[in-house]
Amino acid sequence: MKTKRLFTALMIATMMSCGIILAQPGQKEKKLTPEQRIEMQVKKAQKRLFLDEETAAKFAPLYKEYLEAMKQCKPAPKQLQKGEKKELTDAEIDQMMQDRFAARKKLVETQETYYKKFKKILNIRQVEVLFKDNGPKRPHRPCINKPQCPQGPKAKMGEAPAPCKQCPASQK
């Protein structure tokens, strides 16, 4: 009987202490300004390319300029009113597609322009690393959080999961 009471008291004390610990305000993630984000990207690229100080001094302003130019290549998203779900007309869809194609052309032209500029200060292997498309880090799994779309058989460790036959994202 005493052990039962002791165990119950210990359990209550543990639950209360866990509640107190979880209620503590944690460190909030600080939001970076666009300038800080660009600065971090420049430092990461310099580290990835193993640049010496002299080359890094030439590289940093050009890379910042490149990042800004790449940001300008993205099409502006359409602003819809909150909660508004509007069926697009054929003309709007056509315009969106044209805008998307124009943005891709502008992106390729910008990359070609800066490729020539980077080639003057970096060796070709460094330029390759800089322009290398890293692609997705993990396989696309569109159905993980959708209960209406059951996953197929589970994949073994290190293998991509089987695509869901019902999900439109995995259809080709």
Side-chain angles (χ1 to χ4, degrees), residues 25-146 149 151 155-164 167-172:
Q27 291 184 357
K28 295 180 180 176
E29 292 183 30
K30 55 183 176 181
K31 302 256 181 181
L32 297 176
T33 64
E35 294 82 23
Q36 290 173 327
R37 192 171 293 117
I38 286 175
E39 202 58 46
M40 274 183 51
Q41 288 177 317
V42 170
K43 287 179 183 177
K44 190 183 280 189
Q46 288 174 341
K47 191 175 182 181
R48 194 176 63 215
L49 297 172
F50 302 106
L51 299 179
D52 60 350
E53 290 178 20
E54 182 185 328
T55 310
K58 294 177 189 174
F59 173 78
L62 183 61
Y63 192 63
K64 286 179 187 177
E65 185 182 314
Y66 170 70
L67 291 175
E68 289 295 327
M70 292 300 284
K71 194 186 300 183
Q72 300 301 319
C73 292
K74 294 181 182 177
K78 275 198 162 187
Q79 298 294 329
L80 293 176
Q81 296 295 328
K82 199 169 194 173
E84 179 185 337
K85 290 188 178 182
K86 182 180 134 185
E87 187 71 28
L88 296 175
T89 65
D90 289 348
E92 289 174 327
I93 293 171
D94 183 46
Q95 184 60 45
M96 284 175 40
M97 294 298 292
Q98 294 296 331
D99 292 344
R100 203 176 300 159
F101 293 143
R104 285 184 193 164
K105 284 179 186 175
K106 186 176 178 185
L107 182 91
V108 169
E109 289 169 0
T110 303
Q111 286 179 328
E112 286 176 348
T113 301
Y114 281 93
Y115 169 76
K116 292 172 186 171
K117 291 180 181 181
F118 282 125
K119 221 164 72 164
K120 292 176 184 173
I121 60 172
L122 302 173
N123 67 40
I124 197 67
R125 300 225 181 247
Q126 290 172 324
V127 173
E128 179 194 23
V129 169
L130 190 63
F131 282 95
K132 186 169 113 178
D133 181 23
N134 295 329
K137 300 291 182 205
R138 58 186 171 163
H140 176 67
R141 299 191 293 176
C143 299
I144 283 195
N145 295 325
K146 295 181 182 177
C149 196
Q151 271 292 351
K156 293 180 183 174
M157 192 169 195
E159 294 178 2
C164 178
C167 183
S170 62
Q171 302 289 325
K172 289 189 179 180

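Computed from a prediction, not measured in an experiment: that's the story for all the values here.
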Participant: Which pairs would a plain distance check flag for residues 66-73, meaning a side-chain donor or acceptor within less than 3.5 Å of a matching protein atom at least two apart in sequence or in another chain?
Facilitator:
none

Participant: For the NZ atom of Lys31 and the CD atom of Gln36, what is their distance to the nearest 0.5 Å?
Facilitator: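 It is 13.0 Å, given to the nearest 0.5 Å.
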Participant: Taking all non-hydrogen atoms of both residues into account, name the closest pair between Tyr114 and Glu65 and its distance.
Facilitator: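 It is OH-OE2, 2.8 Å.
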Participant: Taking the side chain as everything from C-beta on, heavy atoms only, tell me whether Tyr63 gets closer than 4.5 Å to Ile38.
Facilitator: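 They are not in side-chain contact.
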Participant: What donor-acceptor contacts under 3.5 angstrom involve side-chain atoms of residues 93-104, with partners at least two apart or in another chain?
Facilitator:
residue: Gln95; atom: NE2; partner: Asp99; partner atom: OD1; Å: 2.8

Participant: For Thr55, which residues count as a side-chain hydrogen bond (donor to acceptor under 3.5 Å, both in side chains) partner, sequence neighbours excluded?
Facilitator: Asp52
Participant: Output all residues satisfying side-chain hydrogen bond (donor to acceptor under 3.5 Å, both in side chains) with Gln41, sequence neighbours left out; order by chain, then residue number.
Facilitator: none
Participant: Lys58: which residues meet the side-chain hydrogen bond (donor to acceptor under 3.5 Å, both in side chains) condition with it, sequence neighbours left out?
Facilitator: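 In terms of side-chain hydrogen bond (donor to acceptor under 3.5 Å, both in side chains), with neighbours along the sequence ignored, Lys58 is linked to no residue.
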Participant: Would you give me the side-chain donor-acceptor pairs under 3.5 Å for residues 115-130, sequence neighbours excluded?
Facilitator:
residue: Asn123; atom: OD1; partner: Arg125; partner atom: N; Å: 3.1
residue: Asn123; atom: OD1; partner: Gln126; partner atom: N; Å: 2.8
residue: Gln126; atom: OE1; partner: Asn123; partner atom: N; Å: 3.1
residue: Gln126; atom: NE2; partner: Leu49; partner atom: O; Å: 3.0

